[in-house]
Amino acid sequence: MSSIFRSAMGADFDRLHPALRRRFSVGLDSGEACVGTGTMERIWHGRAFVKPFLALGGSRNILVPRTGRHVPFTIENVPYADSFGRETVTFVRTFALPSGPRRFDATMVLAPGGDRVLDYLGTHQHLASDLHPTAEPDGSLLIRSGAHRFREGPVDVRVPALIGGDAEVRESYDEKRGRFLIRVRVTNRRFGPLFGYSGSFTVRYRDVRSLGVRAGLRPVREEIRA
């Protein structure tokens, strides 16, 4: 059984905790979708100068322009074939903040060459990032971002490291609690921490043929450029 993460990680995928292996096997081959519900213990931002950029990104469901503690959230991982025929998995996070729900949208495909995951961010897939997933000795999953690119019409540019963010995602499984643990941290090489969150959640699996892809889950615009 293949998935975009198994394909990108190769034999390293089998070193993940069994709960993580199933979660990141969600795809067209597995026929499963995964819906997680839980609580973000903390959503944080860096210094004040990042707030305008987060607010701009938030208008297209990129990052979350609010902070909070003990915030209920859901994550929807639903596989489908996009308009270019690529297997795609949604990573749509919805945070139930006191000021109203906020979404952080991502759709992931296997990058050309098959050695990494390509992460399209936002409702219009304006930003694309290379993701490099690895299994840690304790069976957790570590994902580090690589190059970032911005696409809009004829514009196709690499985001300079000076203004870009380096993302690190750690996901593990707590057997005693029966919960997945997630920690995300985005930093800039010059300006330091920009954004992040940490929390825990449980999941349920659904037959994707019966669940389908609900309205509003797929991006408004799909990008073919890698």
Side-chain angles (χ1 to χ4, degrees), residues 1-14 16 20-36 57 60-63 74-94 103-135 141-159 164-165 167 169 171 182 184 203 205-226:
M1 184 181 296
S2 184
S3 69
I4 59 175
F5 276 85
R6 179 179 284 277
S7 297
M9 294 175 68
D12 199 35
F13 187 84
D14 293 322
L16 294 173
L20 288 170
R21 287 203 302 268
R22 183 179 182 187
R23 177 163 148 66
F24 286 91
S25 289
V26 163
L28 296 178
D29 278 357
S30 73
E32 287 187 322
C34 176
V35 179
R60 291 294 175 92
N61 291 355
I62 302 174
L63 305 179
T74 61
I75 179 166
E76 298 171 89
N77 301 121
V78 181
Y80 64 93
D82 72 5
S83 56
F84 303 107
R86 299 173 300 181
E87 179 172 353
T88 307
V89 178
T90 66
F91 279 74
V92 172
R93 290 139 287 196
T94 303
R103 274 179 47 164
F104 182 5
D105 291 8
T107 42
M108 300 191 187
V109 304
L110 187 64
D115 61 341
R116 65 194 188 284
V117 174
L118 183 59
D119 184 16
Y120 290 108
L121 298 176
T123 56
H124 291 65
Q125 296 191 341
H126 287 310
L127 287 175
S129 299
D130 291 335
L131 300 182
H132 303 279
T134 57
L141 177 66
L142 172 62
I143 303 174
R144 288 192 173 99
S145 66
H148 306 287
R149 295 166 295 278
F150 176 81
R151 278 71 179 268
E152 172 60 32
V155 177
D156 184 355
V157 297
R158 184 164 177 161
V159 178
V169 180
E171 189 164 322
I182 179 75
V184 174
V203 303
Y205 295 94
R206 300 279 299 278
D207 186 325
V208 74
R209 290 167 296 184
S210 60
L211 178 67
V213 183
R214 69 170 179 81
L217 197 62
R218 291 179 60 157
V220 174
R221 179 181 74 95
E222 293 178 336
E223 174 63 66
I224 186 60
R225 289 170 289 187

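A quick note: this is a predicted structure, and the numbers were derived from the prediction, not measured. Counting begins at 1 with the first residue of the sequence.
Atoms CG and CE, from L121 and M108 in turn, are 8.0 Å apart once rounded to the nearest 0.5 Å. The CG atom of L118 sits 8.0 Å away from atom CG of L131, with the distance rounded to the nearest 0.5 Å. A distance of 4.5 Å separates OG in S3 from CZ in F13, rounded to the nearest 0.5 Å. Going from atom CD1 of I143 over to atom OG1 of T134 covers 8.5 Å, rounded to the nearest 0.5 Å. Separation of atoms OG1 (T88) and CD1 (I4) is listed at 7.5 Å; rounding is to 0.5 Å.
Between the side chain of R21 and the backbone N or O of L16, at least one donor-acceptor pair lies under 3.5 Å. Remark: side-chain polar atoms of E87 are paired, donor with acceptor, to backbone N or O of L28 under 3.5 angstrom. With D12 contributing its side chain and A135 its backbone, the two residues share a donor-acceptor pair below 3.5 Å. The backbone N or O of V92 lies less than 3.5 Å from no partner atom in the side chain of T90, so there is not a single donor-acceptor pair. No donor-acceptor pair under 3.5 Å is formed between the side chain of H124 and the backbone N or O of R60.
Residues V26 and C34 come closest through the heavy atom pair CG2-CB, 3.7 Å. The two residues V78 and G212 come nearest to each other via the heavy atoms CG1-O, 3.5 Å. Of all heavy-atom pairs spanning G165 and S145, the tightest one is O-OG, 4.0 Å.
In this structure, E171 pairs ionically with R23, as a charged nitrogen and a carboxylate oxygen lie closer than 4.0 Å. R149 has a carboxylate O that lies under 4.0 Å from a charged side-chain N of D130, or vice versa, which qualifies the two as a salt bridge.
Using bins of under 30°, 30° to 60° and over 60° for the plane-to-plane angle, the ring pair F5/F24 lands in the perpendicular bin.
The shortest side-chain heavy-atom distance between M9 and L141 falls under the 4.5 Å cut-off. Looking at T123 and P219, their side chains never come closer than 4.5 Å, going by heavy atoms from C-beta outward. Looking at heavy atoms from C-beta onward, H126 lies out of side-chain contact with E223 at the 4.5 angstrom threshold. Between Y80 and V208, the closest side-chain pair of non-hydrogen atoms is not below 4.5 Å. Side-chain contact between L110 and R86 is absent, with no heavy-atom pair separated by less than 4.5 Å. Under the 4.5 Å side-chain criterion, counting only non-hydrogen atoms from C-beta, Q125 is not in contact with R151. In this structure, H148 and L127 have side chains that are not in contact, with every pair of non-hydrogen atoms separated by 4.5 Å or more. In this structure the side chain of D115 never reaches within 4.5 angstrom of the side chain of H132, judged on heavy atoms.
Side chains of S2 and S7: a donor-acceptor N/O pair is present below 3.5 angstrom, by distance only.
Both the sub-6.0 Å distance and the 45° axial angle are satisfied by R93 relative to the ring of F104.
The number of heavy-atom neighbours closer than 6.0 Å to CZ of R225, taken from other residues, nucleotides and ligands shown, is above 12.
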For this session: Verify side chain to side chain contact (heavy atoms under 4.5 Å, CB included) between I182 and V169, making sure each step is shown before the conclusion.
Result: CA-CA 7 Å; I182 179 75; V169 180; 3.6 Å; yes
Problem set entry | Intermediate values then yes/no, side chain to side chain contact (heavy atoms under 4.5 Å, CB included), N77 and F91 | CA-CA 5 Å; N77 301 121; F91 279 74; 3.1 Å; yes
For this session: Dump the intermediate steps for side chain to side chain contact (heavy atoms under 4.5 Å, CB included) on E76 and R103, then the final yes or no.
Result: CA-CA 11 Å; E76 298 171 89; R103 274 179 47 164; 5.8 Å; no
